[in-house]
Amino acid sequence: MFSDAVSSSPLLQNLNPEQLAAVTLPATHALILAGAGSGKTRVLTTRIAWLLQNGYVSPGGILAVTFTNKAAKEMLTRLSSMLPINVRGMWIGTFHGLCNRFLRAHYKLANLPSTFQILDTQDQLSAIKRLCKQFGIDDERFPPKDLMRFIAGCKEDGLRAKDVPAHDENSRKKVEIYDLYEQQCQREGVVDFGELMLRSYELLRDNAPIREHYQRRFRHILIDEFQDTNKLQYAWIKMLAGQGADAMESMPGGSVVAVGDDDQSIYAFRGARVGNMADFVREFNVTHQIKLERNYRSFGNILDSANALISHNTQRLGKNLSTEAGPGEPVRVYESASDFAEAQWFVDEVRQLVRDGTERKEIALLYRSNAQSRVMESALFNASIPYRVYGGLRFFERAEIKHALAYLRLLDNPHDDTSFMRVVNFPPRGIGARTIEQLQDISNASGCSLHDGVSAVPGKAGANLGAFVAKLDVMREQTAGCTLREIIELVLKHSGLEEHYKTDKDGQDRLENLAELVNAAEAFVSQEGFGRDAVALPVDELGVNLSQSPASQGLDMSAAVLDKPSPEQLAPDLETGETLSPLVAFLTHAALESGDNQAQAGQDAVQLMTVHSSKGLEFDCVFITGLEDGIFPHENALNDAGGIEEERRLMYVAITRARKRLYLSHSQTRMLHGQTRYNLKSRFFDELPESALKWITPRNRGFASGLGSGSGNWSGASNSGSGGARGDWAGSGFHSKSGNAERFASPPVPAQKSAPSHGLKSGMKVFHAKFGEGKVQMLEGTGDDARAQINFTRHGVKWLALSVAKLTVI
DNA sequence: TCTTGTCCGGTTTTT
DNA sequence: CCGGACAAGA
């Protein structure tokens, strides 16, 4: 179908046959099942470059969507290195970034003020709290966090309050609050993340000229990480592709290419629907499906482990990764006696790896939940090994930055009550809870913003408030016509933020961050041309630099011809080129890109992160720790099959991060919520191929203890052992190399032939040194793995590993 | 009004 | 254990 001239293009060199097929797909709808490490991003960007280079589409005719800013940025960078084109005007970005751009261009039709601001999760929560207070909602029955989840969930499903089915009193109330929240946001001129998507969708749905314009325009739609799309995002794509229920046409000559991996779907908890992949195939009549199963990342043993594990999932599209790299090293498995011992082992291994020439940044430590990082961090810290923890507070989420941004927002929109509340008494200026309550009552009664209610507050309180508002007004006047940098510097000074942190004894870091905010703004203005990114470009600028791509070699140009928008084809004001003020653009940027969390990004440091945040990354050496039932898989997922399958996919993601060497570890005991827990090793170990594994812990560790001795009395490694290990830790760090582990190692015990006879039966009453009296509810496993679920009178239900726990039958 | 102590609760995360 | 959230003193 394609000429030699095309396939010999330098763009297409070194692609394997499947990748090449994906890159050069004809203009139809297609699903690309791209396994981990199969070169997915490369395929996506190469396809875009290929389409452009051959003139099948102009830059303006492409819509490429990703989930994270990082992925979007990478796509743009790679693209500009492949082709000499100006990527600025191209619609490549995150769902939310693109929706923002769309709404900025059509703010009037979307019924938004031109300066609408975006609420991040923090802002949204405080907006909901404020609302609950105003309407006297019982926050025991309706915790604001739950309400936020509920509202976000509704929006992810594309539901307005009126569309949400409510059968009982409870859900009716929640829907009512959702509705009130919407009204509040509208009044204040703010939108949350979900609203960006939902409102874009509704505008496309309800406005035919707009819809048809964009449907004509985007000939090639590409979506990355399709398995993570939610219901609304899928509906949005359908709408743009003319597959909506009332669509006139179904983008003839156009194409939607969805790239995803159902095995890496790990975001169901936030509304992602893997089912979108199957729906896409059905609803778009997808005829071209390509599987990318050749893995260029990991050695065989690692891939075999991943394949074997994921084969235990039932709901799969089916895919098996293969490599030509050879088996490589075995997957190393380690069992420790405590989380402290695990950390010590990790530190020792890291030291060894570094000695052998591994770069620290090529070593990643993955864990299921953030709480697990602490013990690891301490161990690394004590060993003076540089490390970097991902996750946590990001730049634009820091309190001092949020304060500064709140002042800036109030300059543009004094009715932004969320921002008003945040800084009305920060730095402290004698406006207390009582005064604010008064103001809220007045504003609520007259249905105005807090800002407008100020004048009606009597007495000294009113005077204080008045002074605050006057200060804002002065700042607004003084900053008129200033550059972004000048505006921010002036606000930092006049708001008193700078002064406040100067006198605060540990305000140095915060001052530095505020200085960094000025830098960020400066960088934003110069690099981004302040927010041309955030607004739609005029239509006639869309074909920029197309002339620089080589003309197509006598190929079918119909796609390109179709795409080229002729000015008369479009209503003149469908897309506005209206420029946003630098300040609004910067505030938008701050909300949509919360900024990197760590300044020390470039350093050669060991990388610590949750499995979730490791998605999309790869490392030479990967440690997956805390592989215990209840930790990974997480206990909240143990009770339903779907939950276990998602945990298994999570494990699959974790394993496939490793290039050369993979370590798995679990611990017999672990401190959690200030208590020592006894965990069994993760059930996922049973799903890995024994031939790919190598246990580097002597397997006779732990022991069957005196079980079945008839006395009904047996001992495990003593409970106080963990206390001892902790003492060691707190006192002298990790000096004793294997000391902790040895402490737990049990004395040799004659093999117990009659393994299961630990003498316990459900219903028995037992005594535990720490938990007191309890009743055996359930028993599982044999020998080392035997465990009992015990309902303790004073401490509730617990699972105890019988090889460790000290129990007496009473 | 602002600071200090007690209580509670506690996955995963991006936008 | 550890942070956030609220209730009592300066």
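Quick note on labels: first sequence line is chain A, next is B, and so on, each numbered from 1.
In the model, A:Arg510 has no side-chain atom that pairs as donor or acceptor with a side-chain atom of A:Asn513 under 3.5 Å.
With its glycosidic angle more than 90° from 0, B:dT12 adopts the anti conformation.
Between A:Phe95 and A:Trp236, the ring center distance clears the sub-6.0 Å criterion. Here the two rings, on A:His500 and A:Phe426, have centers that are under 6.0 Å apart.
At the heavy-atom level, A:Lys460 lies nowhere under 4.0 Å from the strands shown.
Residues meeting the ring-ring contact (aromatic ring centres under 6.0 Å, His included) test with A:Phe381, sequence neighbours left out: none.
In this structure, the separation between CE on A:Met239 and CD1 on A:Ile237 is 12.0 Å, given to the nearest 0.5 Å.
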Each nucleotide of nucleotides 9-15 of chain B classed B (base within 4.0 Å of a protein heavy atom), S (only sugar-phosphate) or -, in 5' to 3' order, makes -BBBBBB

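In this structure, A:Gln372 atom CD and C:dC2 atom P are separated by 16 Å, rounded to whole Å.
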